[in-house]
Amino acid sequence: MKILNFFSLFFPIIIYGLLFGLNYALISIGFTLVFGVSKILNLSYGALYMTTAYMIYFFAVMNNLPLIISILISIIITILIGLAIFYTILKFTVNPMIFMVTMLLFALLLQYIYSYLFGGQVGLIIPSLFPDVSIGLFGVSVNISLLASSLISLLLISLVSFWIYKTSIGRKIRATAEDPEVSELLGINTKQIIIIVLSISILLVSIASILLVPTEEVTPTMWVDPFVIAFAVSIIGGLGKFEWAIPAAFIVSFAEVISQYLIPYNVSDIVAFIIVILFIVVFPNGLGGARIES
C-alpha cells in the first residue's frame, strides 16, 4: 500500500516541484543579484511585486485599459518606485543596517498606502495572459497559467544567465560583485552597474507578479510570500551567488510540495523558514559558500 501511495505521489511531486521551482527562481534571482553588487538586502523587494499587481488592477480593471498596455505602464511605474526608494534612502544613510531596515519600513508603508487607496479590499483579481484551463502531464492536472509561467521563467533565467556570464556588461557586474573598489580603479562605473542591476531585478520581480498573481488574490499583505521565498532562496544559495539561487529555489519548492502532499495542513511557509534555519546552522555560507561582508 505504501509503495502504491509513493508512486501515486511521485509524478505530482516531481512536476509541481519543477514548475514552482522555476517560478521561485524567477522571483529570487533579482534579489540575489542586487545583494551581489551592492551587499545590501533589498527588503522592499516583495512590495515591488505587490506594486505591479496593484498597478495592473488600477489600469486594467478600474480604468479598462488593454491588458498589455496596463502591464507595460505597471512595469515602468514599479521600476521607478523601486529606484526612488533605493536612492532616496541612499541619499540619507550609507549604514547598511539602517538602509535595510528603512527598506523594510518602505515595504510596510506601501502596504498601508495600497490598503488605503483601494479601501482595504481583499479578493481583488487581475486578468491573466493565459486561459484558465488545465492539461494532463503524466496523469497530473496542471493549469496552463502555471505551466506557461514556468516556461517563461526558464527562458528569462536563461537570458539573465547569458547576460551575466557571456556579455561585457555581465563581466562588469561580476567584477563589481567581487570587488567594487578594484572595479572602480579599472574604470568600471560601479554606481551605473548598481542602477542597471537594480532595474533588471525590479523588472524580473514585476514579470513574476504578472505571471503569478492572476492565480491568486491581490491583497495589501501579498508582498510577504514573495519576499520570504526570495530571502529563503538567497540564504540557502549563498548571499549574492546568482548561480546557486536556482538549485536553492528547487530545494525550497520541492520541500514545500512534499510537505503539502504529506502533511494534512498548509505549512509551506513554515517549511521555508525551517529550511533556512537548518542551512544557517549547517551551511552558514549557503550552498555557494558566500561570505557576508561587514
Side-chain angles (χ1 to χ4, degrees), residues 19 22-24 26-31 34 42 44-88 103 106-135 143-157 159-160 195-227 229-230:
L19 295 180
L22 289 169
N23 288 326
Y24 287 4
L26 178 62
I27 290 172
S28 306
I29 55 176
F31 187 84
V34 170
N42 184 1
S44 67
Y45 194 73
L48 300 175
Y49 178 95
M50 174 177 64
T51 294
T52 300
Y54 269 110
M55 291 301 105
I56 292 175
Y57 182 83
F58 176 77
F59 291 111
V61 178
M62 295 180 66
N63 290 281
N64 296 312
L65 290 181
L67 181 57
I68 296 299
I69 294 176
S70 299
I71 286 173
L72 293 175
I73 296 173
S74 300
I75 289 174
I76 293 170
I77 291 175
T78 302
I79 291 174
L80 292 176
I81 290 175
L83 291 174
I85 291 173
F86 192 92
Y87 283 99
T88 297
M103 294 283 275
F106 263 99
L108 292 170
L109 176 62
L110 288 175
Q111 172 183 326
Y112 290 119
I113 287 174
Y114 294 140
S115 179
Y116 173 77
L117 292 177
F118 293 88
Q121 297 181 58
V122 296
L124 304 181
I125 304 296
I126 63 174
S128 175
L129 291 168
F130 311 103
D132 185 20
V133 296
S134 297
I135 62 171
N143 190 279
I144 287 290
S145 293
L146 175 60
L147 181 60
S149 66
S150 302
L151 293 176
I152 293 172
S153 295
L154 177 60
L155 174 62
L156 290 173
I157 293 165
L159 289 174
V160 173
I195 293 174
I196 292 171
V197 170
L198 184 60
S199 299
I200 293 299
S201 76
I202 300 170
L203 173 64
L204 291 173
V205 78
S206 291
I207 294 174
S209 178
I210 292 161
L211 295 174
L212 301 176
V213 173
T215 64
E216 53 192 58
E217 296 179 349
V218 181
T219 69
T221 58
M222 65 179 294
W223 66 274
V224 176
D225 284 346
F227 170 71
I229 291 168

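- Partners of Leu151 according to the side-chain contact (heavy atoms from CB on, under 4.5 Å) rule, which considers only residues two or more places apart in sequence or in another chain, are Leu147.
- Here Ile195 pairs with Tyr87, Ser199 under the side-chain contact (heavy atoms from CB on, under 4.5 Å) rule; sequence neighbours left out.
- Looking at residues two or more places apart in sequence or on another chain, you find no side chain to side chain donor-acceptor pair (under 3.5 Å) involving Ser128.
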Only distances under 3.5 Å count here; give the side-chain donor-acceptor pairs of residues 108-118 to other protein atoms, sequence neighbours excluded, each with its distance to 0.1 Å.
residue: Gln111; atom: OE1; partner: Trp223; partner atom: NE1; Å: 2.8
residue: Tyr114; atom: OH; partner: Thr51; partner atom: OG1; Å: 2.8

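- Legend: residues meeting side chain to side chain donor-acceptor pair (under 3.5 Å) with Asn64, ordered by chain and number and at least two apart, are absent.
- By the 4.5 Å heavy-atom criterion applied to side chains, Ile75 and Ile210 are counted as neighbours.
- The side-chain contact (heavy atoms from CB on, under 4.5 Å) check on Val224 picks up Val228, with sequence neighbours excluded.
- The side-chain contact (heavy atoms from CB on, under 4.5 Å) check on Ser209 picks up Tyr49, Thr52, Ala53, Val213, with sequence neighbours excluded.
- In this structure, the separation between CD1 on Ile71 and CD1 on Ile68 is 4.5 Å, given to the nearest 0.5 Å.
- Annotation: the span from Leu211 atom CG to Ser206 atom OG amounts to 11.0 Å, rounded to 0.5 Å.
- Contact check for Ser28 versus Ile229: side-chain heavy atoms found under the 4.5 Å cut-off.
- Qualifying side chain to side chain donor-acceptor pair (under 3.5 Å) partners for Ser153, counting only residues two or more places apart in sequence or in other chains: Asn23.
- A heavy-atom distance below 4.5 Å is found between the side chains of Ile69 and Pro66.
- Taking the side chain to side chain donor-acceptor pair (under 3.5 Å) definition, one finds that Tyr24 meets it with Glu256, sequence neighbours left out.
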